[in-house]
Amino acid sequence: EEPEPDHDEL
Amino acid sequence: MNVFRLAGDMSHLLAIIILLLKIWKTRSCAGISGRSQLLFALTYTARYLDLVTNWVSLYNTVMKVFFIATSYATIYLMYLKFKATYDSNHDTFRVEFLLLPVTILALVLNHEFSFMEILWTFSIYLEAVAILPQLFMVSKTGEAESITSHYLFALGSYRLLYIFNWIWRYYTEEYYDLIAIIAGVVQTVLYCDFFYLYFTKVLKGKKLQLPA
């Protein structure tokens, strides 16, 4: 199961 | 934040500064693809709309604002201020061949079918291929100024450093984002040919010139 994306990266 | 991520961001920052300085100091945008720059502006606009909905950190916000602002500044310099120096005859890559598949892919392969998430996914896929008009322009003219080569090298290194960041995060946080990783690998692979020429020619003081 892939972790929830956080989109904290640029 | 880890050292690879920070180095990647700094490399990205450096690329943009090199590009703006080149245009400003030489009063010319010769050799730069306006189409790639338009795609980058679209990329950052789509990705960083979350500036208004999602607070991460001061660093994150400052960088996002910088990337959006400089991408539009570049477009202003290319299409208005120094328009006369823009080499549009050689900047002929058909961007619809990128935009159409990227849009479809973002609608089909995403983490969640929501407006913001699709915009984010679209931006990730688009960024991966946004440099193609620029690389096409270099191959069409057969050469690039050294300063343009340094710009491309810094820009290409940024996603390569992010790959190390993703490997690091996988081992230390068990975190991974397949969409970002696969697109990032594609993005980096597109630069491989250029990296080879950069190391074998530009760093030895020669101009980047493609074999006829």
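Residue numbering restarts at 1 for every chain, and letters A, B, ... go by the order of the sequence lines.
Atom CG of A:D8 is surrounded by more than 12 heavy atoms from other residues, nucleotides or ligands within 6.0 Å. Applying the 6.0 Å contact sphere to CD of B:E174 captures no more than 12 heavy atoms from other residues, nucleotides or ligands. The local environment of OH in B:Y170 is sparse, with at most 12 non-hydrogen atoms from other residues, nucleotides or ligands closer than 6.0 Å.
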Please list, one pair per line, the donor and acceptor atoms closer than 3.5 Å that link side chains of residues 161-168 of chain B to other protein atoms, with sequence neighbours excluded.
| from | atom 1 | to | atom 2 | distance (Å) |
| --- | --- | --- | --- | --- |
| B:Y162 | OH | A:L10 | N | 3.2 |
| B:Y162 | OH | B:R5 | NE | 3.0 |
| B:Y162 | OH | B:D9 | OD1 | 2.7 |
| B:N165 | OD1 | B:N2 | ND2 | 2.9 |
| B:N165 | ND2 | A:E9 | OE2 | 3.0 |
| B:W166 | NE1 | A:E9 | OE1 | 2.8 |
| B:W166 | NE1 | A:E9 | OE2 | 3.4 |

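By the 4.0 Å N-to-carboxylate-O rule, B:R169 lies close enough to A:D6 to be salt-bridged with it.
When heavy atoms are compared at a cutoff of 4.5 Å, B:Y44 does not approach chain A at all.
No hydrogens or angles considered: nothing links the side chains of B:H111 and A:E4 as a donor-acceptor pair under 3.5 Å.
Under the 4.5 Å side-chain criterion, counting only non-hydrogen atoms from C-beta, B:Y175 is in contact with A:P5. When side chains are defined from C-beta on, A:H7 does not count as touching B:R47, because their heavy atoms never get closer than 4.5 Å.
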